[in-house]
Amino acid sequence: MNEPIKITLPDGSVRELPAGTTGLELAESIGRGLARAAVGIRVDGVVQGLQIPLGSDCRIEIVKRDSEEGLEILRHSAAHVMADAVKRLRPGAKLWKGPAIHDPRYGFYYDIDLGDRPLAQEDLPEIERLMGEIVGKDLPFVREELDRDRATALMRAHGEDYKLATISKIPAGDTISFYRSGDFVDLCKGPHVPSTGRIGKGFAVLSLAGAYFENDASKAMLTRIYGHAFADEKAMAQHRHWLDEAKKRDHRRLGVDLDLFSTMGELGAGLVLWHPKGGFVRHKIEEFWRQEHLAGGYDIVYSPHIARADLWRTSGHLEFYKDSMFKGLDVDGADYLLKPMNCPFHVQIYKSRRRSYRDLPFRWAELGTVYRYEDAGALHGLMRVRGFTQDDAHLFVRPDQLESEIERVLHFILHILRAFGFSEFEMNLSTRPAKYVGHLADWERAENALRIALEKLALPFQVDAGGGAFYGPKIDVKIKDCLGRSWQCSTLQLDFNLPERFDLEFVDAQGGRTRPYMLHRALLGSLERFFGVLIEHHGGAFPMWLAPVQAVVLSVGDRHAEFARRVAAELVEQGLRVVADVSAEKVGAKVRHHLFEEKVPMVAVAGDAELASGSLAVRDRKSGDIGTLTVAEFGQRLRTLTAARG
RNA sequence: GCUAGCGUAGCUCAACGGUAGAGCACCUGAUUUGUAAUCAGGUGGUUGAGGGUUCGAUUCCCUCCGCUAGCUCCA
């Protein structure tokens with residue numbers, strides 16, 4: 001019998017068990033329910049597999065399958081089982097790697113080289129079925145540690161070329177471990193569930209894609225198979241429901257259904273047509289944006305879509321972003337380029353005359369349409385396009401104004417985003433990368449100013465050390481939509497490059513020349529993209545202030561048509577967006593069409609009773625029947641909701 | 001750009017070597033309707049484009065364009 005060891009449980013109680021007891025045996029000794037839910041064990045803070053024997057006194061915590069770490073173990077183990085299933089289906093398949101991932105959409109994947117026998121979407125159910133068989137056999141996951149030579153020999157024997165590459169990258173002295181489940185063996189650090197049965201029934205094989213070996217576009221393209229696994233079938237079903245919900249809110253779908261916008265091959269990929277309804281929403285967004293900017297101390301500027309190549313040479317864009325700029329236009333023998341950014345123009349406005357310290361800061365904003373040659377494969381609906389309008393602004397500030405201007409911009413960003421119904425944000429500070437321009441002292445000061453501004457906001461933020469652009473540090477703001485997905489929209493960036501390249505200066509109080517700090521910022525980012533996010537967030541049902549049609553007056557029969565038209569016209573005269581539907585349809589069909597297909601916020605029925613009393617029977621898309629309102633009350637209600645931006 | 005897949009009427013889909021069909025939408029007519037689909041009739045497609053194989057191509061092959069899922073990229 002082994003020496004007893006002392007095991008401290010999370011509640012502080014201590015158990016004595018023989019050394020060599022496995023985590024699973026320990027869990028069983030605590031309780032059967034716990035043992036059933038266990039997928040791993042945290043030993044002195046480190047998560048490991050339940051099959052590993054405990055060697056000495058330790059503090060432990062059982063990792064349950066529905067915890068974040070538990071799910072990771074579950075998903076990672078499911079990835080192994082999936083690879084096992086794929087190898088049964090395609091015996092020559094070579095594995096690369098198959099981790100669990102943190103993404104609301106996917107749980108795990110495995111990158112596999114299938115040679116000349118690729119898998120198709122139709123093969124996924126078969127993979128899932130084979131996984132079910134392997135889970136049903138409840139094969140134990142057995143950990144093996146091998147020295148480098150044996151490890152290499154084992155993988156060579158299995159024809160796992162990619163694993164050989166991985167082994168060669170494992171530093172000398174590190175443990176090389178494998179996990180076996182039945183005949184399947186995989187190079188893997190672990191941890192894994194004790195046996196395949198523990199994966200349970202809450203898993204699915206979801207999709208196929210390509211992925212480069214070692215994430216390098218110059219290397220072989222492997223097949224990536226995505227799957228998901230949850231603690232139980234119910235959670236898996238909920239996830240499927242989430243996927244359905246996301247599909248229903250897809251802005252590309254809603255763009256067609258609600259006639260908001262289109263992109264079509266006839267124009268060229270990644271170019272957007274805003275239809276009247278989408279155009280109206282954009283008009284409202286822009287109207288609000290201009291109003292807030294003017295109130296917020298900005299001046300509005302405009303700049304052209306093209307400029308001489310020289311400008312882009314001076315700015316450095318041609319040097320750094322040539323591949324993503326559209327090819328030049330020949331204008332009377334001179335080379336002109338479509339603008340990928342607005343900043344050089346704003347810089348030129350700055351340079352158009354001598355600037356005094358008394359006039360700074362300048363805050364110049366523009367809804368500037370830019371063109372970027374994005375990779376064809378990167379294009380996606382409105383989210384990633386080749387022509388889009390940035391809600392751009394550039395600030396030229398005196399050194400002593402830097403901190404206060406940064407703070408001001410951050411407040412402004414949140415103010416604007418909140419107006420669109422977003423309330424959750426993720427802030428990210430990106431600092432100096434290895435390759436940078438400008439002076440170290442400027443970088444440090446700027447990073448400090450950004451950090452302090454973030455701290456003052458009292459919103460949590462992440463630091464991406466070294467993640468800044470070569471020309472300056474930045475803060476990015478992501479918004480969370482109603483499905484919990486985050487979208488990067490706002491950005492605030494310092495620029496130490498352009499002021500230098502264009503030799504910007506102002507006359508300071510001593511009559512000397514001083515270089516201003518330059519800040520770029522965008523709030524919505526791209527109007528196209530923001531519109532896409534807005535469509536998905538609201539599921540196409542825009543809030544009253546943005547809705548292209550705010551209400552429809554429905555006549556019950558022909559004798560109410562004139563009344564319905566008159567009421568609609570009256571409300572339109574009051575500045576509301578109301579139309580009458582006097583078609584020969586039943587009321588039910590009209591309600592269905594306007595409220596649920598067109599997603600109009602309100603309908604108002606005009607029948608005999610309403611005609612007699614000059615009122616309307618109002619129904620709200622969200623809250624249902626509101627009752628009878630006079631025409632004046634109805635108009636007032638619409639106005640109130642519009643003003644509330646609700 | 002890369003890998004895989006897809007492209008048939010405005011939308012959703014059928015036909016898969018033998019000159020293209022349904023539902024919805026749209027138009028017309030009937031119905032006069034009270035809160036999630038009234039009925040009938042009709043219009044509508046050189047099957048993304050071009051080339052090839054074939055007696056014959058929406059169907060098979062090639063190129064291009066576009067789209068989708070990822071990967072790479074994203075000032």
Side-chain angles (χ1 to χ4, degrees), chain A residues 103 105-106 109 111 113-114 118-123 206-226 250 252-253 256-257 259 262-271 312 315-317 319-325 339-344 370 372-381 383-384 386 390 392 468-472 474 488 491 493 495 497-498 520 522 525-526 529 554-561 582-597 603-610 617-621 624-626:
Chain A
D103 187 300
R105 290 170 300 172
Y106 302 110
Y109 64 81
D111 285 346
D113 185 348
L114 295 159
L119 286 167
Q121 196 69 29
E122 300 83 70
D123 298 315
L206 293 172
S207 61
L208 288 170
Y212 297 107
F213 173 51
E214 297 185 333
N215 305 319
D216 184 340
S218 70
K219 294 191 174 153
M221 173 67 79
L222 312 176
T223 302
R224 175 169 294 183
I225 308 168
Y226 281 97
D250 190 319
R252 295 167 301 184
R253 173 83 257 141
V256 175
D257 288 351
D259 199 14
S262 59
T263 56
M264 45 178 68
E266 285 84 344
L267 301 181
L271 302 173
W312 307 107
S315 70
H317 286 98
E319 184 184 339
F320 293 103
Y321 307 112
K322 190 169 198 294
D323 289 345
S324 34
M325 288 174 72
K339 69 169 164 180
M341 293 209 81
N342 304 300
C343 20
V370 298
R372 297 181 185 177
Y373 182 76
E374 302 283 359
D375 283 346
L379 301 176
H380 177 92
M383 302 303 188
R384 192 78 179 273
R386 284 179 173 165
Q390 281 186 317
D392 213 354
F470 71 90
Y471 53 79
K474 63 172 177 176
Q488 206 232 291
T491 186
Q493 316 195 347
D495 190 332
N497 185 45
L498 291 182
H520 305 250
S526 135
R529 180 184 161 80
L554 313 178
S555 59
V556 175
D558 282 350
R559 63 185 175 282
H560 317 117
V582 298
S583 63
E585 285 293 338
K586 291 190 163 184
V587 174
K590 294 190 193 185
V591 167
R592 179 189 160 87
H593 177 69
H594 297 291
L595 226 41
F596 302 106
E597 288 173 355
V603 292
V605 176
D608 287 337
E610 291 76 20
V618 180
R619 177 165 165 178
D620 183 279
R621 198 185 61 79
D625 189 17
I626 283 176

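All chains are named by letter (A, B, ...) in the order of the sequence lines, taking the proteins before the strands, and each is independently numbered beginning at 1.
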Can you measure [X] atom [atom1] to [N] atom [atom2] for me and round it to whole angstrom units?
X        : N     : atom1 : atom2 : answer
A:Glu585 : B:C26 : CD    : C1'   : 13 Å
A:Asp375 : B:C2  : CG    : P     : 10 Å
A:Asp257 : B:C24 : CG    : P     : 17 Å
A:Leu119 : B:A69 : CG    : C1'   : 15 Å
A:Tyr226 : B:U68 : OH    : P     : 17 Å
A:Lys586 : B:A30 : NZ    : P     : 18 Å
A:Leu595 : B:U35 : CG    : C1'   : 9 Å
A:Leu554 : B:U35 : CG    : P     : 12 Å

Using a cut-off of strictly less than 4.0 Å, decide whether [X] has a side-chain nitrogen or oxygen near OP1 or OP2 of [N].
X        : N     : result
A:Arg253 : B:U12 : yes
A:His380 : B:A69 : yes
A:Arg252 : B:U68 : yes
A:Arg384 : B:C73 : no
A:Arg372 : B:C73 : no

Identify which nucleotide among [options] has an atom closest to any side-chain atom of [X], counting heavy atoms from C-beta outward.
X        : options             : value
A:Ala269 : B:G1, B:C67, B:A75  : B:C67
A:Pro340 : B:A75, B:U35, B:C71 : B:A75
A:Ala584 : B:U31, B:U72, B:G34 : B:U31
A:Tyr212 : B:C2, B:C11, B:A75  : B:C2
A:Arg224 : B:G34, B:U32, B:C71 : B:C71

Answer with base, sugar-phosphate or nothing: what part of the nucleic acid does [X] contact at a heavy-atom distance below 4.0 Å?
X        : answer
A:Gly377 : base
A:Ala589 : sugar-phosphate
A:Leu379 : sugar-phosphate
A:Ala617 : base
A:Gln390 : nothing
A:Thr223 : nothing
A:Gly525 : nothing
A:Tyr109 : nothing
A:Asp608 : base

Practice task
Establish, for the pair A:Arg386 and A:Tyr373, whether the NZ or CZ atom is under 6.0 angstrom from the six-membered ring centre and no further than 45 degrees off its axis.
Solution key: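 Because its charged atom sits under 6.0 Å from the ring centre and within 45° of the axis, A:Arg386 does stack over A:Tyr373.
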Problem - Aromatic stack A:Phe320/B:A75: centroid gap under 5.5 Å, interplanar angle under 30° - result: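 Per 5.5 Å and 30° rule: no stacking.
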Determine the Euclidean distance between corresponding [atom1] atoms of [M] and [N]; express it in Å to zero decimal places.
N     : M     : atom1 : answer
B:U53 : B:U59 : C1'   : 13 Å
B:U54 : B:C61 : P     : 16 Å
B:U19 : B:C24 : P     : 26 Å
B:U8  : B:C16 : C1'   : 11 Å
B:U12 : B:G17 : P     : 25 Å
B:U43 : B:A22 : C1'   : 16 Å
B:U3  : B:U72 : C1'   : 11 Å
B:G23 : B:G44 : P     : 16 Å

Handout entry: Heavy-atom side-chain contact between A:Trp312 and A:Lys339 under 4.5 Å
Key =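 Yes, at least one pair of side-chain atoms sits under 4.5 Å.
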Considering every strand shown, what is the Watson-Crick or G-U wobble mate of [N] when both distances are under 3.5 Å?
N     : result
B:C2  : B:G70
B:U63 : B:A49
B:A14 : none
B:U31 : none
B:G42 : B:C26
B:U58 : none

Exercise for the section: Mark yes or no for a side-chain to base donor-acceptor pair under 3.5 Å between A:Glu122 and B:G5, with no hydrogen or angle criteria applied. Expected result: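 When only heavy-atom distances are counted, A:Glu122 does not reach the base of B:G5 through any donor-acceptor pair under 3.5 Å.
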Practice task
Using only heavy-atom distances, decide whether a donor-acceptor pair under 3.5 angstrom links the side-chain of A:Tyr106 to the base of B:G70.
Solution key: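 Between B:G70 and A:Tyr106, which were checked side chain against base, a qualifying N/O pair under 3.5 Å is absent.
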Exercise for the section: Give, for atom OG1 of A:Thr223 and atom CG of A:Leu208, the distance between the pair rounded to the nearest 0.5 Å. Expected result: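 Going from OG1 on A:Thr223 over to CG on A:Leu208, the span is 7.0 Å.
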Handout entry: Contact nearer the 5' end of RNA chain B, comparing A:Met221 with A:Tyr321
Key =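 Counting from the 5' end, the first nearest nucleotide belongs to A:Met221.
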Problem - Position toward the 5' end of RNA chain B (nearest nucleotide), A:Gln493 or A:Arg592 - result: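 Looking at RNA chain B, the more 5' nearest nucleotide goes with A:Arg592.
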Handout entry: Nearest atoms (heavy-atom pairs only) where A:Ser315 meets A:Pro344
Key =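 What the structure gives for the nearest pair is CB-CG, 3.9 Å.
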Exercise for the section: Please work out which of the three classes, parallel, tilted or perpendicular, describes the rings of A:Tyr321 and A:Phe470, given edges at 30° and 60°. Expected result: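 A:Phe470 and A:Tyr321: tilted rings.
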Handout entry: Under 3.5 Å donor-acceptor, A:Arg619 side chain and A:Val603 backbone
Key =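 Side chain of A:Arg619 to backbone of A:Val603: no pair is present.
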Practice task
Consider only side-chain N and O atoms of A:Gln493 and A:Thr491, and report whether a donor and an acceptor are under 3.5 Å apart.
Solution key: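 Their side chains do contain a donor-acceptor pair, which is all the 3.5 Å distance test asks for.
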